[in-house]
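A quick write-up on the structure given underneath.
We name chains A, B, ... by the order of the sequence lines, and we start the count at 1 in each one.
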Number of protein chains: 2
Amino acid sequence: MAHPKQLDPAGIVQTAVKLLEEEGPEGLSLRAVAKRLGVKAPSLYNYFADKSALERAVIAEGQRLLLEFVRGRARKPREPGLAIREMASAYVKFARLRPALYFFVMHHAVPDADATPAGKELWRLLLDRVGGITANGDDTSGAVAVWAFLHGFTVLEHSGRFGRSGPREGFERGLRALISGL
Amino acid sequence: MAHPKQLDPAGIVQTAVKLLEEEGPEGLSLRAVAKRLGVKAPSLYNYFADKSALERAVIAEGQRLLLEFVRGRARKPREPGLAIREMASAYVKFARLRPALYFFVMHHAVPDADATPAGKELWRLLLDRVGGITANGDDTSGAVAVWAFLHGFTVLEHSGRFGRSGPREGFERGLRALISGL
DNA sequence: GTCTATACTCTGATAGAC
DNA sequence: GTCTATCAGAGTATAGAC
């Protein structure tokens, strides 16, 4: 056989994610992805219409992994304050473990970005945990406030603007304030 | 005279900022900046060692403009809750008016990014407003919490993830919770 | 379905004439 | 101090052979 290499969309996405995390968003080129797969760049066009299609798939995969991670760590205890705390901790922890992937997801978010199943589920999970403390099962504005804080904290922490203890203490205080004040 | 065009660093930075805001961060190339100035790209190397030097200057200018804007809008009323509200409103308003510049500043932040005079002043202003409500003049963690919320909200709002009223209401609720809970 | 080959455009950066 | 000319490389994407 002439060209025994067999590709598939899932494998390409997985390779793209790995490349993204090792080389950063600038390093995510079709040439580089193809090279890792032992293939030439044009071959990828058999599976993705263009680069942005591959990027969208990477974003969807990132959301899926984030959801999986948060779900696995944030069981739902009886105490609502504890439940939202666990969710929040899991969220920022994922961003600490896989910053490149996390920021790729958040930066490339387009209007439909959360229309993926994982994106919707994440939002549902957030609404549930916020609802636990505000007794409102569909508390959009409360969820926005908490999500804003979690993402903003993640950005500041990742920017290296502070020493070690600075930002983490801010996390505790901000989260406590939101829980008691919402 | 052969080449009467006279450049200067400040004018180059100003042109770079304008280009950034009109074409986005991808459009910020040395060639494009030079073209707007009616000059060829190599000439810029007489004023900036390389592209990243120009980028740093753009970031510093962005911080300066942000500080100027926030200072102009956030006088310091007697009531501490009002004072921090005005600061917060001015912050997110700037990001709404000049999103490309704001995000360029925040995304390219490196450890020394806030070592510019404007960056330090912004931090001082934030500490002051937070100190007004927590009676702690050097409340680092409180300032981190508020900044995280403001930036995170800005990102979510700019991402277009929500309808019109959704995120703004979240701003009110989150800010109120932080003010009362910190 | 993968390949080679190529077209095209863009980038940052440098050398040397004027 | 600005220019022309050029380098060396990146990128996405397409055509057509096998």
As a test of reading the structure: which of C/dG1, D/dA13, D/dG11 is closest to the side chain of A/D50, going by heavy atoms?
D/dA13
Of the listed nucleotides (C/dG12, D/dG1, C/dC3), which one gets closest to any side-chain atom of B/S29?
C/dG12
Counting only heavy atoms not in A/K51, do more than 12 sit closer than 6.0 Å to its NZ atom?
yes
Spacing between [X] atom [atom1] and [N] atom [atom2], to the nearest angstrom:
X: B/K51; N: D/dA10; atom1: NZ; atom2: P; value: 17 Å
X: B/K35; N: D/dT2; atom1: NZ; atom2: P; value: 19 Å
X: A/Y47; N: D/dA13; atom1: OH; atom2: P; value: 18 Å
X: B/L30; N: C/dT14; atom1: CG; atom2: C1'; value: 13 Å
X: A/E55; N: D/dA13; atom1: CD; atom2: P; value: 10 Å
X: B/L54; N: C/dG12; atom1: CG; atom2: C1'; value: 12 Å
X: A/L7; N: C/dC3; atom1: CG; atom2: C1'; value: 12 Å
X: A/E26; N: D/dA10; atom1: CD; atom2: P; value: 14 Å

Is the closest side-chain donor-acceptor distance between [X] and [Y] under 3.5 Å?
X: B/S29; Y: B/R31; value: no
X: B/N136; Y: B/T134; value: no
X: A/R56; Y: A/S52; value: yes
X: A/R36; Y: A/T15; value: no

Looking only at side-chain N and O atoms, does B/S43 come under 4.0 Å of OP1 or OP2 in D/dG1?
no
So, is B/Y45 close to the D/dC3 phosphate, meaning a side-chain N or O under 4.0 Å from OP1 or OP2?
no
For a quick check of understanding: with a heavy-atom distance under 4.0 Å over all strands, which category does A/F48 fall into, base, sugar-phosphate or nothing?
nothing
Describe the nucleic acid contact of B/K40 in one word from base, sugar-phosphate, nothing, applying a heavy-atom distance below 4.0 Å.
base
Is any NZ, NE, NH1 or NH2 atom of the basic residue among B/R168 and B/E172 found under 4.0 Å from an Asp or Glu carboxylate oxygen of the other?
no
Which class fits the ring pair B/F94 and B/Y102: parallel under 30°, tilted 30 to 60°, perpendicular over 60°?
perpendicular
If we fit an axis to the first five pairs and another to the last five of the helix from C/dG1-D/dC18 to C/dC18-D/dG1, what angle do they make, to the nearest 10°?
10°
Report the residue (A/P42 or A/G27) whose heavy-atom-nearest nucleotide on DNA chain D is the more 5′ of the two.
A/G27
